[in-house]
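What you see is a predicted model; the values in this text were computed from it and never measured.
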Amino acid sequence: VFSCWSTLVMLRRLTRVSPCRLLPARAAGNIPAAPGASQHRQHWWCLPVLAASGLATSCAYCDEAPEGDERTPAEMMEAVATILRDAKYGFFVTRNSKDEPRGRIVEVHCEPGLSRMWVCTNKATRKVQEVQEHRRTAFLVWHAESMSSIEITGQARIVTPEEAQAHWPGDEWLLFFPDGPASPRYCCIEVCPDRIEVVSVGHSIALGHDPKDWHPPAVLLRTEKAWEINEGTAK
């Protein structure tokens with residue numbers, strides 16, 4: 001995966017176009033290149049690697065977008081919301097009584113602006129007890145088609161039964177709770193995010209300027225009024 005990621009980033013930097021458009025353009029013989037890109041022609045052998053890996057199928061996520069460090073916080077948040085919606089599932093990480101991290105795959109629900117997120121679950125699960133003991137939690141999300149990685153951290157709490165019913169995820173959850181949102185076993189964990197780290201090839205976020213070097217994720221921090229980009233290096 002890292003090798004394919006590096007290849008995509010390198011090709012994007014060499015051509016200044018979306019990596020998923022390279023194969024069709026190459027076939028037509030009209031690949032656009034940035035000034036001085038001719039010196040990098042020896043790297044075109046990477047194209048068969050992309051074709052074999054099937055990464056060219058992610059064209060829908062590779063529109064011509066500004067580079068990550070040129071985006072506004074609102075544009076980054078829109079990309080984050082799209083990635084979360086398309087990925088749908090992620091790891092919800094909490095800490096147990098021994099202060100050990102524990103992760104579980106969950107369905108991620110969030111409201112516009114990402115001021116709150118919800119995890120619907122069963123009151124008998126360990127996650128409920130762990131949130132009650134340690135409110136600091138994290139979500140880890142990977143969306144393969146756009147090659148996007150997100151980490152979201154924030155404060156969690158168990159909402160009231162009335163609030164939980166308002167966030168009932170739909171009839172597909174009747175499989176787990178036949179009595180519906182009124183089930184005594186059904187509950188909901190709310191997370192208020194305050195930090196987001198994101199790297200995305202498809203959305204052109206935090207790719208860096210040199211494909212040979214690792215580049216830190218873009219970091220968004222929540223203030224009292226809005227999300228802001230952290231100008232420092234992600235830590």
request  = For the pair Arg135 (side chain) and Ala156 (backbone), establish whether a donor and an acceptor sit closer than 3.5 Å, ignoring hydrogens and angles.
outcome  = yes
ask   = Is there a donor-acceptor pair under 3.5 Å between the side chain of Lys123 and the backbone N or O of Pro184?
value = yes
inquiry  = Does Glu151 form a side chain to side chain contact (heavy atoms under 4.5 Å, CB included) with Ser149? I'd like the steps, not just the answer.
reply    = CA-CA 7 Å; Glu151 178 190 44; Ser149 173; over 6 Å; no
Distance check, rounded to the nearest 0.5 Å: [X] atom [atom1] versus [Y] atom [atom2]?
{"X": "Thr121", "Y": "Arg104", "atom1": "OG1", "atom2": "CZ", "result": "6.5 Å"}
{"X": "Ser148", "Y": "Ile83", "atom1": "OG", "atom2": "CD1", "result": "3.5 Å"}
{"X": "Trp168", "Y": "Leu174", "atom1": "CH2", "atom2": "CG", "result": "5.0 Å"}
{"X": "Asn122", "Y": "Ser183", "atom1": "CG", "atom2": "OG", "result": "7.5 Å"}
{"X": "Glu78", "Y": "Thr72", "atom1": "CD", "atom2": "OG1", "result": "9.0 Å"}
{"X": "Thr223", "Y": "Asp194", "atom1": "OG1", "atom2": "CG", "result": "11.5 Å"}

message = Counting only heavy atoms from other residues, nucleotides and ligands, does the tally under 6.0 Å from CZ of Arg126 exceed 12?
response = no
key: Heavy atoms of other groups near Gln129 CD, more than 12 under 6.0 Å   = no
message = Test of understanding: with ring-ring contact (aromatic ring centres under 6.0 Å, His included), list the residues that count as partners of Phe176, not counting sequence neighbours.
response = Trp173
query = Of all residues at least two apart in sequence or in a different chain, which pass the ring-ring contact (aromatic ring centres under 6.0 Å, His included) check with Phe177?
reply = Tyr186
inquiry  = Are Ile150 and Ile105 linked, directly or through intermediate hydrophobic residues, by side-chain heavy-atom contacts shorter than 4.5 Å (ILVMFWY only)?
reply    = no
task = Find out if a path of hydrophobic residues (ILVMFWY) with successive side-chain heavy-atom gaps under 4.5 Å connects Trp118 to Val106.
result = no
Would a 4.5 Å heavy-atom cut-off, applied to side chains only, mark [X] and [Y] as touching?
{"X": "Phe92", "Y": "Ile189", "value": "yes"}
{"X": "His203", "Y": "Val198", "value": "no"}
{"X": "Pro193", "Y": "Met117", "value": "yes"}
{"X": "Ser115", "Y": "Arg222", "value": "yes"}
{"X": "Leu220", "Y": "Met77", "value": "yes"}
{"X": "Cys187", "Y": "Val128", "value": "yes"}

message = Could you go through Arg116 and Glu163, starting from their C-alpha distance and side-chain angles, then the distance that decides it, and tell me whether this counts as salt bridge (Lys or Arg N to Asp or Glu O under 4.0 Å)?
response = CA-CA 13 Å; Arg116 291 183 298 172; Glu163 291 176 291; 5.2 Å; no
Please set out all donor-acceptor pairs under 3.5 angstrom arising from side-chain atoms of residues 94-102, sequence neighbours excluded.
from: Thr94; atom 1: OG1; to: Lys127; atom 2: NZ; distance (Å): 3.1
from: Thr94; atom 1: OG1; to: Glu130; atom 2: OE1; distance (Å): 2.4
from: Arg95; atom 1: NH1; to: Asp99; atom 2: OD1; distance (Å): 2.6
from: Arg95; atom 1: NH2; to: His134; atom 2: ND1; distance (Å): 3.4
from: Asn96; atom 1: OD1; to: Lys98; atom 2: N; distance (Å): 2.9
from: Asn96; atom 1: OD1; to: Asp99; atom 2: N; distance (Å): 3.2
from: Asn96; atom 1: OD1; to: Glu100; atom 2: N; distance (Å): 2.8
from: Asn96; atom 1: ND2; to: Glu100; atom 2: OE1; distance (Å): 3.0

Mind listing the closest non-hydrogen atom pair of [X] and [Y] along with its distance?
{"X": "Val159", "Y": "Ala164", "value": "CG2-N, 3.6 Å"}
{"X": "Cys120", "Y": "His167", "value": "SG-O, 3.5 Å"}
{"X": "Pro178", "Y": "Arg185", "value": "CD-NH2, 4.0 Å"}

request  = Any chance you could lay out the side chain to side chain contact (heavy atoms under 4.5 Å, CB included) test for Ser146 and Asp86, step after step, and finish with the verdict?
outcome  = CA-CA 9 Å; Ser146 64; Asp86 293 347; over 6 Å; no
request  = Test Ile152 against every option in Val141, Leu140, Leu114 by the side-chain contact (heavy atoms from CB on, under 4.5 Å) rule and name the one that passes.
outcome  = Leu114
ask   = After noting the C-alpha distance and the side-chain angles of Ile229 and Val219, does the key distance pass the side chain to side chain contact (heavy atoms under 4.5 Å, CB included) rule?
value = CA-CA 6 Å; Ile229 299 175; Val219 178; over 6 Å; no
